[in-house]
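The structure appears right after this line, and notes come after that.
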Protein chains: 2
Amino acid sequence: MKLSEARQQFISSWGAFGTHWGINRTMAQIHALLLISPDPLTQDDIMEDLNISRGNVNMNIRELINWGLIERVLLPGERKEYFTAEKDIWKVVKQIVKERKKRELEPMLKLLDQLENVEGDKRDKNVKSFVDVISGIKKLGNQADKTLDTMIKAEETWFVGNLLKMFK
Amino acid sequence: MKLSEARQQFISSWGAFGTHWGINRTMAQIHALLLISPDPLTQDDIMEDLNISRGNVNMNIRELINWGLIERVLLPGERKEYFTAEKDIWKVVKQIVKERKKRELEPMLKLLDQLENVEGDKRDKNVKSFVDVISGIKKLGNQADKTLDTMIKAEETWFVGNLLKMFK
DNA sequence: TTTTATTTTCAAAATATATTGAAAATTCAA
DNA sequence: TTGAATTTTCAATATATTTTGAAAATAAAA
């Protein structure tokens, strides 16, 4: 397979992949493009490569920066802004985990704390069923929260070498 | 907080939560409703509780069954079909992991295998950058794949008790 | 300054996704 | 069988999301 074709394929599947993870297709494609580009790119480069409008590029770049996945770089003597992606995939994964934990898991756990204190007779099967499910989710959620915290701090070498052994 | 209000809140947030995970809002809400219902429900019960159409309920129920998260139950003497959700959250999580691994991770790894064999001179920095990123993703992806396999087989007691220790 | 290059914004348009509801298909009981 | 109850389908509609592109804002050079 030729490089140009392989790049196309990668960008396109990374985009489709993203949509399964609540990430918008174009944002994931821009991320893919920057991942495989050896040098930083400008907004115009991205527009041209992906065939999308300036506004679209601009908005999704901002979002990628918010997620901590890409950053602005200023090249000496150049007027335009350039963008580059973190290439170390382990760091990328940890960054995404960190953000999603903050945005999704933590608010959910906070809500469950409130819901667990529902008033009513525990002998009422509706109450019991509700509280049981909420408690179960809370327990597992808290456990996941702690585990992810540790993962965020871990080194890839550690992860790759040891996690599998532990599971066996 | 009253049970009725707490139920509403839970169903609504579980729905919003789902949208961040590529799951459609209504499907997640139906799942939430069945999770907290002590007894199986019919399509009509769900229609009424969530205020959605028959067709919508029917399609999303089928999807939930495909995901292995709910199942049909036939009550003796009853003509209508009833539905019930797996209440053990650890089992639910394992089932979701299993499905997403099959639907998303495995096809992605298969694609990466092909992309890694891109033709071209490795001294070309474009080729090198591409291959390096693909290899990095592959390595981590394969590791995740194995780890998830082990997790799918694990017991919750094991998970809760031991995983955290291992990370420390 | 003023001019030009570049980035940002955001209303309108395009696209994609979810929902409805009524008709068709199926299932069960009489 | 026939007929009523129930489930399924799917074209049409509604809703939500993404994208565009031109105007406004900003930043750098002249």
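Order of the sequence lines fixes the chain letters, A, B, ..., with proteins taken first and strands second; residue numbering starts at 1 for each chain.
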Between [Y] and [X], does any NZ, NE, NH1 or NH2 come within less than 4.0 Å of an OD or OE carboxylate oxygen?
X: Asp132(A); Y: Lys87(B); result: no
X: Lys102(B); Y: Glu99(B); result: yes
X: Lys101(A); Y: Asp145(A); result: yes

Between [X] (side chain only) and [Y] (backbone N and O only), is there a donor and an acceptor less than 3.5 Å apart?
X: Glu116(A); Y: Ile134(A); answer: no
X: Glu86(A); Y: Asp88(A); answer: yes
X: Asp49(A); Y: Ile46(A); answer: no

Does Arg72(A) make a side-chain N or O approach to OP1 or OP2 of dT7(C) shorter than 4.0 Å?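 False: Arg72(A) side-chain N/O out of range (4.0 Å or more) of dT7(C) OP1/OP2.
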Counting just side-chain N and O atoms, does Asn58(A) come under 4.0 Å of either OP1 or OP2 of dT7(C)?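 So the side chain of Asn58(A) is outside the cut-off, no N or O lying under 4.0 Å from OP1 or OP2 of dT7(C).
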With sequence neighbours left out, write down each residue that passes side-chain hydrogen bond (donor to acceptor under 3.5 Å, both in side chains) with Asp124(A), or none if nothing qualifies.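 For Asp124(A), the residues satisfying side-chain hydrogen bond (donor to acceptor under 3.5 Å, both in side chains) (neighbours in sequence not counted) are Asn126(A).
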Generate the contact string for nucleotides 24-30 of chain C. Rules: B means base contact, S means sugar-phosphate contact only, - means no protein heavy atom under 4.0 Å. ---BB--
Mark up nucleotides 13-21 of chain D, 5' to 3', with B wherever a protein heavy atom is under 4.0 angstrom from a base atom, S wherever such an atom reaches only the sugar-phosphate, and - elsewhere. -----SSBB
Whole-Å distance separating the CD atom of Gln43(B) from the C1' atom of dT7(D):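 After rounding, the reported distance stands at 6 Å.
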